[in-house]
Amino acid sequence: MPSADSVCYLNGEYQALSQCQVSVLDRGFIFGDGVYEVIPVYGRRVFRADAHLARLSRSLNAVGITNPCSGDGWLALARELIARNAQDDQCIYIQVTRGVARRDHAFPQGIEPTVFMMSFPFPHLPVAKRAGGVACITAPDLRWRNGHIKSTSLLGNVLARQLSAEVDAAETILIREGWLTEASASNVWIVRNGRLCAPLRDRDKLEGIRVSLLEELSQEVGIPLEFRPIAEWELRCADEILLTSATKEVLSVTTLDQRTVSDGQPGVVSQALYAAYQKAKGEQSV
Ligand code: PDD
């Protein structure tokens with residue numbers, strides 16, 4: 001997590017995170033009216049920058065906020081922030097809200113978006129934890145139907161994640177009407193009969209940047225991949241379950257709702273994809 005003395009960026013100025021303040025009338029605070037990105041940085045280089053910035057642009061467009069920066073502009077801000085912070089491996093958090101205005105649900109006219117960026121050290125998982133895989137639980141997906149927008153309105157995700165935090169599990173995997181959607185802050189994949197399967201890309205879930213990346217990596221390592229609806233029962237009898245996100249990378253789930261997945265060890269597909277991911281980090285960071 002960011003230390004209080006890390007350097008952040010707010011509306012054109014770099015400053016200490018502990019000193020950084022926004023108005024209580026900011027619509028991000030009042031309504032959760034904003035969007036965000038979390039971008040991994042390895043060895044001070046930004047991983048899959050273009051894809052993250054393209055998704056930021058799509059999220060802004062989806063909620064009617066004008067993108068305050070060009071792709072190159074965002075990258076320049078990110079690079080400056082990386083340089084001003086201590087760690088080589090970081091995560092850059094970008095948040096853009098609609099801005100500060102008198103409270104009224106409808107979009108106010110003529111205000112500037114609030115642009116906030118911070119850096120936190122990349123939360124590398126301890127080697128032993130990764131080697132054993134993680135535990136997850138399931139819960140009904142009670143979130144809104146615009147999960148494809150990376151919105152800061154995350155109460156549904158927060159409540160879902162809390163359920164797993166309370167039982168010391170790594171994630172809450174979400175089920176909507178009998179079908180797998182995603183997890184509170186990750187995408188979910190299963191392996192059945194040697195095939196990697198992911199739920200369809202649609203409005204109910206966020207298309208993680210690692211979704212298209214795993215599409216590439218699965219080809220590279222020769223694992224067939226299909227995007228299709230995944231029923232809850234298939235999740236429960238999967239040979240392997242994987243999580244992906246900017247911070248988890250590729251992470252094997254070895255326990256689901258207190259029952260072991262296969263033999264309770266990370267499977268061959270997740271291991272192969274994790275190894276390919278590590279290689280891609282070196283090749284695709286700019
Ligand atoms: N979360 N689905 C949800 C709901 C997410 O919040 C995330 C990422 C993902 C995976 O997306 P990506 O591969 O682009 O990280 C899927 C970030 C890391 C977060 O909120 O901290």
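Numbering of ligands and ligand atoms starts at 1, following listing order. Every heavy atom of this structure was used, including side-chain atoms; hydrogens, water molecules and symmetry mates were not.
For residues 68-82, the set of pairs meeting the side chain to side chain donor-acceptor pair (under 3.5 Å) definition, not counting sequence neighbours, comprises N67-W74, E80-R84. The list of salt bridge (Lys or Arg N to Asp or Glu O under 4.0 Å) pairs with a residue in residues 99-113, not counting sequence neighbours, is empty.
Salt bridge E234/R228: present, at least one basic N to carboxylate O contact under 4.0 Å.
Classification of the Y42-H124 ring pair by plane angle, with boundaries at 30° and 60°, yields tilted.
Between the side chains of S245 and S186, no donor N or O sits under 3.5 Å from an acceptor N or O.
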Using residues 28-36 as the side-chain source, report each donor-acceptor pair under 3.5 Å to any protein atom, sequence neighbours left out, with the distance given to one decimal.
from	atom 1	to	atom 2	distance (Å)
D33	OD1	R98	NE	3.2
D33	OD1	R98	NH2	2.9
D33	OD2	R27	NE	2.8
D33	OD2	R27	NH2	3.0
D33	OD2	R98	NE	2.7
Y36	OH	K150	NZ	3.3

What are the polar N/O contacts of ligand 1 with the protein below 3.5 Å, with distances?
from	atom 1	to	atom 2	distance (Å)
ligand 1	1 (N)	K150	NZ	3.4
ligand 1	1 (N)	A185	O	3.4
ligand 1	2 (N)	E182	OE1	2.6
ligand 1	13 (O)	I209	N	3.3
ligand 1	13 (O)	R210	N	3.4
ligand 1	13 (O)	R210	NE	2.7
ligand 1	13 (O)	R210	NH2	3.4
ligand 1	14 (O)	R55	NH1	2.8
ligand 1	14 (O)	R55	NH2	2.9
ligand 1	14 (O)	I209	N	2.8
ligand 1	14 (O)	R210	NH2	3.4
ligand 1	15 (O)	A246	N	2.8
ligand 1	20 (O)	Y36	OH	2.7

